[in-house]
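To keep things clear, I will list the structure first and then write my remarks on it.
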Protein chains: 2
Amino acid sequence: MLDELDRTIIEILIDDARISLKELSQKVGLSSPSVSERLRRLEEKKVIRSFTVDIDPVALGYSLTAIVRVRPLPGMLHIVERLIKETPEITECDKVTGDDCFIGKLQFRTMEQLDTILDRLAEKAETNTSIVKSSPVKRRLPPLS
Amino acid sequence: MLDELDRTIIEILIDDARISLKELSQKVGLSSPSVSERLRRLEEKKVIRSFTVDIDPVALGYSLTAIVRVRPLPGMLHIVERLIKETPEITECDKVTGDDCFIGKLQFRTMEQLDTILDRLAEKAETNTSIVKSSPVKRRLPPLS
DNA sequence: ATCCATGCTTGACGAACTTGACCGAACGAT
DNA sequence: ATCGTTCGGTCAAGTTCGTCAAGCATGGAT
């Protein structure tokens with residue numbers, strides 16, 4: 001589905017999505033219209049979901065992160081799911097197998113803010129919260145091969 | 001620290017990091033050298049960590065995701081941390097407070113592959129694995145304000 | 001009141017992007 | 001085997017874009 005050139009292009013773009021077509025094409029050894037066309041196809045095939053920017057939450061004042069496991073009380077599943085979606089400080093959340101129904105990541109500024117958010121959840125779910133102390137593995141891609 | 005214009009710029013870039021300076025400057029109502037300078041400063045201040053590309057793991061063949069909680073056996077903490085870092089299928093991992101020491105996300109292609117990876121961990125840690133069924137909240141930023 | 005720093009605009013020039021015409025390799029059908 | 005089609009590539013043009021230098025307005029400090 002992806003050839004070696006596509007993978008090289010992607011690896012370069014992960015590092016710098018605003019690189020010029022010209023420079024990118026020189027790095028991969030193709031002409032710029034070719035690379036442009038490959039990019040178009042990669043977007044079309046949804047291999048590239050989007051070009052985006054990685055913002056440091058700390059720079060926005062969110063200096064703390066927690067991981068919250070959420071187990072809705074009986075009958076509360078959909079209400080809890082909506083509440084999670086409507087809590088903007090929850091910056092990602094997965095629905096998973098096992099005792100915990102949801103596992104989410106929460107960005108916050110103060111312990112008081114964390115407390116407020118968890119209190120709102122606690123009316124409808126059992127929660128289990130772990131504060132993030134460090135991130136040994138920063139977001140990365142699995143092997144492209 | 002960030003004014004309204006910076007936030008607008010960031011919001012636009014989150015959607016499309018490859019937008020031209022010209023178009024971006026029209027959207028925010030400034031000239032392009034001004035926007036260029038603001039971008040430079042946002043990068044300098046590390047508010048913008050990087051311009052990057054969002055790749056669909058499914059397009060790379062990783063159709064399954066799990067969240068793994070890891071509790072190293074006594075004395076194994078550093079070995080386990082190294083093992084996690086050296087497992088490329090673990091695409092992010094945080095060190096947290098609480099009983100679990102690490103919580104990581106794992107991308108994989110087949111259950112067999114998951115089994116192999118967990119077996120390697122099991123020699124040095126207790127693990128607890130949840131398969132991701134869906135993602136009610138896709139990665140997003142907390143409020144910029 | 002003046003000076004300076006900051007952040008903006010403008011205009012010009014060089015650089016990069018897009019488009020269309022063309023080429024060649026791979027491959028299926030006749 | 002050959003023809004025709006498709007796919008992915010190059011090249012060259014016209015157009016658009018980014019960067020740089022110069023200059024102007026605002027606002028705070030002396």
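Computed from a predicted model, the values in this text were never measured in an experiment. All values below come from the heavy atoms of this structure, side chains included, with hydrogens, waters and symmetry mates left out. The sequence lines fix the lettering, A, B, ..., with proteins before strands; numbering per chain opens at 1.
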Open item on the list: Distance check needed: C/dT6 P versus B/Glu37 CD, whole Å only.
Closed with: 11 Å
Open item on the list: Output the rounded distance in Å from CG (A/Asp3) to P (C/dA26).
Closed with: 15 Å
TODO: Indicate for each nucleotide in nucleotides 21-26 of chain D, in 5' to 3' sequence, whether protein heavy atoms under 4.0 Å reach the base (B), only the sugar-phosphate (S), or nothing (-).
DONE: ------
Open item on the list: Can you identify which nucleotide, out of D/dT10, D/dT19, C/dC8, has its nearest atom closest to the A/Leu30 side chain?
Closed with: D/dT10
Open item on the list: Please list, in numerical order, the residues of residues 38-51 of chain A that have a heavy atom closer than 4.0 Å to any atom of DNA chain D.
Closed with: A/Arg38, A/Arg41
Task: Value rounded to 0.5 Å, distance of NZ in B/Lys105 from SG in B/Cys93 - done: 12.0 Å
TODO: Can you run down the side chain to side chain donor-acceptor pair (under 3.5 Å) pairs that involve residues 12-22 of chain A, sequence neighbours left out, and say none if there aren't any?
DONE: none
Task: B/Asp6 and B/Val47: CA distance, side-chain angles, deciding distance, side-chain contact (heavy atoms from CB on, under 4.5 Å) verdict - done: CA-CA 10 Å; B/Asp6 286 332; B/Val47 175; over 6 Å; no
Open item on the list: Which residues in residues 11-21 of chain B have a heavy atom closer than 4.0 Å to any atom of DNA chain D?
Closed with: B/Ser20, B/Leu21
Task: Those residues that, when tested against B/Lys133, pass salt bridge (Lys or Arg N to Asp or Glu O under 4.0 Å) (two or more places apart) - done: none
Task: Rounded distance in Å - CG (B/Leu5) to P (C/dC8) - done: 7 Å
Task: Pairs touching residues 67-77 of chain B that satisfy salt bridge (Lys or Arg N to Asp or Glu O under 4.0 Å), sequence neighbours left out - done: A/Asp100-B/Arg69, B/Arg69-B/Asp100
TODO: Examine the side chains of A/Thr52 and B/Asp54 and answer whether a donor and an acceptor come within less than 3.5 Å of each other.
DONE: no
Open item on the list: Can you tell me how far apart NZ (B/Lys138) and NZ (A/Lys85) are? Round to the nearest 0.5 Å.
Closed with: 9.0 Å
Open item on the list: Whole angstroms only, please: what is the CD-P distance between A/Glu23 and D/dG18?
Closed with: 15 Å
Task: Pairs satisfying side chain to side chain donor-acceptor pair (under 3.5 Å), at least one member in residues 110-123 of chain A, at least two apart - done: A/Glu89-A/Gln113
Open item on the list: For D/dG9 and A/Ser31 - does any side-chain N or O of the residue sit under 4.0 Å from the phosphate oxygens OP1/OP2?
Closed with: no
Task: salt bridge (Lys or Arg N to Asp or Glu O under 4.0 Å) partners for A/Asp56, two or more places apart - done: B/Arg49
Open item on the list: Could you work out, with side chain to side chain contact (heavy atoms under 4.5 Å, CB included) as the rule, every residue matching B/Glu43, not counting sequence neighbours?
Closed with: B/Ile48, B/Phe51
TODO: List, by chain and then residue number, the residues other than B/Met76 in its hydrophobic cluster (Ile/Leu/Val/Met/Phe/Trp/Tyr, side-chain heavy atoms under 4.5 Å); write none if there are no others.
DONE: A/Val137, B/Leu64, B/Val68, B/Val70, B/Leu73, B/Ile79, B/Val80, B/Leu83, B/Ile84, B/Ile90, B/Phe102, B/Leu106, B/Phe108, B/Met111, B/Leu114, B/Ile117, B/Leu118, B/Leu121, B/Ile131
Open item on the list: Tell me every residue that passes salt bridge (Lys or Arg N to Asp or Glu O under 4.0 Å) with A/Glu4, counting only those two or more places apart in sequence or in another chain.
Closed with: A/Arg7
Task: Atom of A/Val53, atom of B/Ile10 and distance for their closest heavy-atom approach - done: CG1-O, 4.3 Å
Contact list (N/O, under 3.5 angstrom) for nucleotides 13-15 of chain C vs protein:
none

Open item on the list: When you measure from the side-chain N and O atoms of B/Ser34 to the phosphate of C/dT9, is any distance below 4.0 Å, counting only OP1 and OP2?
Closed with: yes
